[in-house]
Protein chains: 2
Amino acid sequence: MITIGALSKHTGVNIETIRYYERIRLIPPPPRTDSGRRLYGAEDVRRLTFIRHARDLGFDIAAIKTMLALQEVPEASCEQVSRIASDQLEAVESRIRRLLGLRTELTRMINECDNGKVATCRIIEVLADPPGQATSQ
Amino acid sequence: MITIGALSKHTGVNIETIRYYERIRLIPPPPRTDSGRRLYGAEDVRRLTFIRHARDLGFDIAAIKTMLALQEVPEASCEQVSRIASDQLEAVESRIRRLLGLRTELTRMINECDNGKVATCRIIEVLADPPGQATSQ
DNA sequence: GTACATCCTGTAGCCACTACAGAATCAACC
DNA sequence: GGTTGATTCTGTAGTGGCTACAGGATGTAC
């Protein structure tokens with residue numbers, strides 16, 4: 001059994017976050033020492049590693065909760081897990097598309113700016129008068 | 001002079017958000033009618049459109065505050081504006097790189113899953129035992 | 001006059017943490 | 001046994017950028 005500090009080092013999840021996860025019932029409350037310190041085992045390391053990696057991949061807490069619940073039933077079909085992952089993939093792809101658009105726009109803005117005075121700065125102009133909008137008088 | 005509702009419609013920024021921007025001093029407190037309703041003019045539309053578009057491009061409020069302050073000094077060099085935009089471009093590019101990595105990993109995970117039982121689900125396995133980590137025993 | 005839209009202030013909630021304060025306990029060394 | 005410093009505890013409040021009320025006051029159209 002290890003302390004919360006050791007669990008934190010093993011999983012890369014910081015201590016405050018581990019306690020937070022316990023508070024929101026993402027991880028179960030662990031047993032304690034006589035003095036009240038939390039004690040964790042190998043299963044906790046696995047669970048928290050799972051959470052950490054899923055968070056890194058952008059899954060939100062609700063999705064992670066669902067996946068953890070499904071893991072409790074090994075004979076269940078993993079179709080639902082697969083759907084959560086696919087949804088996440090779709091979200092990632094839409095974010096990528098959006099960011100590529102932003103990159104294009106930012107690049108163009110920056111290239112058109114000749115580093116002159118603010119009064120004639122294209123960056124500011126573009127931001128104040130975005131193309132495709134009828135801001136008119 | 002227009003009301004907050006009209007300003008909201010013109011700029012696409014919702015009413016609560018406009019009042020929030022006033023509270024955090026991103027926009028100046030406007031004059032009021034006798035009964036206390038806010039009144040906005042053309043300059044407010046321009047400013048808020050600027051803010052809206054900058055937010056769409058992912059600039060944070062602090063960056064927008066700086067850019068707005070620079071606009072107050074038209075003879076100032078727009079070097080700083082340019083740097084903020086470049087920083088933003090860099091942030092966008094790093095987010096893109098990260099998301100592309102996530103996409104690869106998610107795609108692989110999903111492809112390896114044969115939609116069988118949770119017990120043997122590769123998605124769960126990969127998340128619980130991420131490659132490149134010495135989880136040992 | 002009355003119905004409904006719009007506006008006001010103030011506060012609380014969202015997500016996923018993060019950062020304290022102030023106290024208790026533990027491990028190591030002398 | 002004493003002291004130092006690391007670790008842990010609880011509880012609360014803050015972050016960013018909104019969003020969503022509640023409960024009331026105005027404004028507008030018929």
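Note that the coordinates shown come from a computational prediction; the quantities given were computed from them, not determined experimentally.
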Between which nucleotides of DNA chain C, read 5' to 3', does contact with chain B run, using atoms under 4.0 Å from its heavy atoms?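 The contact span of chain B on DNA chain C goes from C/dT6 to C/dT9.
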Any luck finding a side-chain donor-acceptor pair between A/R46 and A/Q71 under 3.5 Å?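 Yes, because at least one side-chain N or O of A/R46 sits under 3.5 Å from a partner of the opposite role on A/Q71.
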A/D56/A/R52 salt bridge by N-O under 4.0 Å criterion: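 The answer is yes: the pair qualifies as a salt bridge.
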Interatomic distance, [X] atom [atom1] to [Y] atom [atom2] [nearest 0.5 angstrom]:
X: A/L100; Y: B/L99; atom1: CG; atom2: CG; value: 9.5 Å
X: A/K117; Y: B/E79; atom1: NZ; atom2: CD; value: 10.0 Å
X: B/Y21; Y: B/I64; atom1: OH; atom2: CD1; value: 6.5 Å
X: A/D60; Y: A/K65; atom1: CG; atom2: NZ; value: 10.5 Å
X: B/L89; Y: A/M109; atom1: CG; atom2: CE; value: 9.0 Å
X: B/F50; Y: A/I124; atom1: CZ; atom2: CD1; value: 5.5 Å

What is the distance, to the nearest angstrom, from the [atom1] atom on [X] to the [atom2] atom on [N]?
X: A/E16; N: D/dT12; atom1: CD; atom2: P; result: 15 Å
X: B/I15; N: D/dA20; atom1: CD1; atom2: P; result: 12 Å
X: A/R32; N: D/dC9; atom1: CZ; atom2: C1'; result: 8 Å
X: B/R19; N: D/dC21; atom1: CZ; atom2: P; result: 14 Å

Presence of B/N14 side-chain N/O under 4.0 Å of D/dC18 phosphate oxygens OP1/OP2: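 Checking D/dC18 against B/N14, no side-chain N or O comes under 4.0 Å of OP1 or OP2.
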Ignoring backbone atoms, establish whether A/R38 has a side-chain N or O less than 4.0 Å from OP1 or OP2 of D/dT10.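 Checking D/dT10 against A/R38, a side-chain N or O does come within under 4.0 Å of OP1 or OP2.
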Quick check on DNA chain C: between A/T33 and A/R23, whose nearest nucleotide comes earlier from the 5' end?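 The residue whose closest nucleotide sits nearer the 5' end is A/R23.
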Base, sugar-phosphate alone, or nothing: which one does A/F59 contact when heavy atoms must sit under 4.0 Å apart?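 No contact.
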Give the intermediate values and the outcome of side-chain contact (heavy atoms from CB on, under 4.5 Å) for residues A/S94 and A/I96. CA-CA 5 Å; A/S94 113; A/I96 289 172; over 6 Å; no
Give every pair of a protein N or O atom and an N or O atom of nucleotides 22-26 of chain D that lie under 3.5 Å apart, one pair per line with the distance.
residue, atom, partner, partner atom, Å
D/dT26, O3', B/S35, OG, 3.2
D/dT26, O2, B/R37, NH2, 3.0

Below 4.0 angstrom, which residues in residues 87-101 of chain A have at least one non-hydrogen atom near DNA chain C?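 None, since no heavy atom is under 4.0 Å.
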Report the C-alpha distance between B/I2 and B/D44 in whole Å, list the side-chain angles of each, state the deciding distance to 0.1 Å, and finish with yes or no for side-chain contact (heavy atoms from CB on, under 4.5 Å). CA-CA 10 Å; B/I2 57 172; B/D44 297 303; over 6 Å; no
Could you state whether A/L48 and A/L39 fall into the same hydrophobic cluster, counting links through intermediate Ile, Leu, Val, Met, Phe, Trp or Tyr residues with side-chain heavy atoms under 4.5 angstrom apart?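 No.
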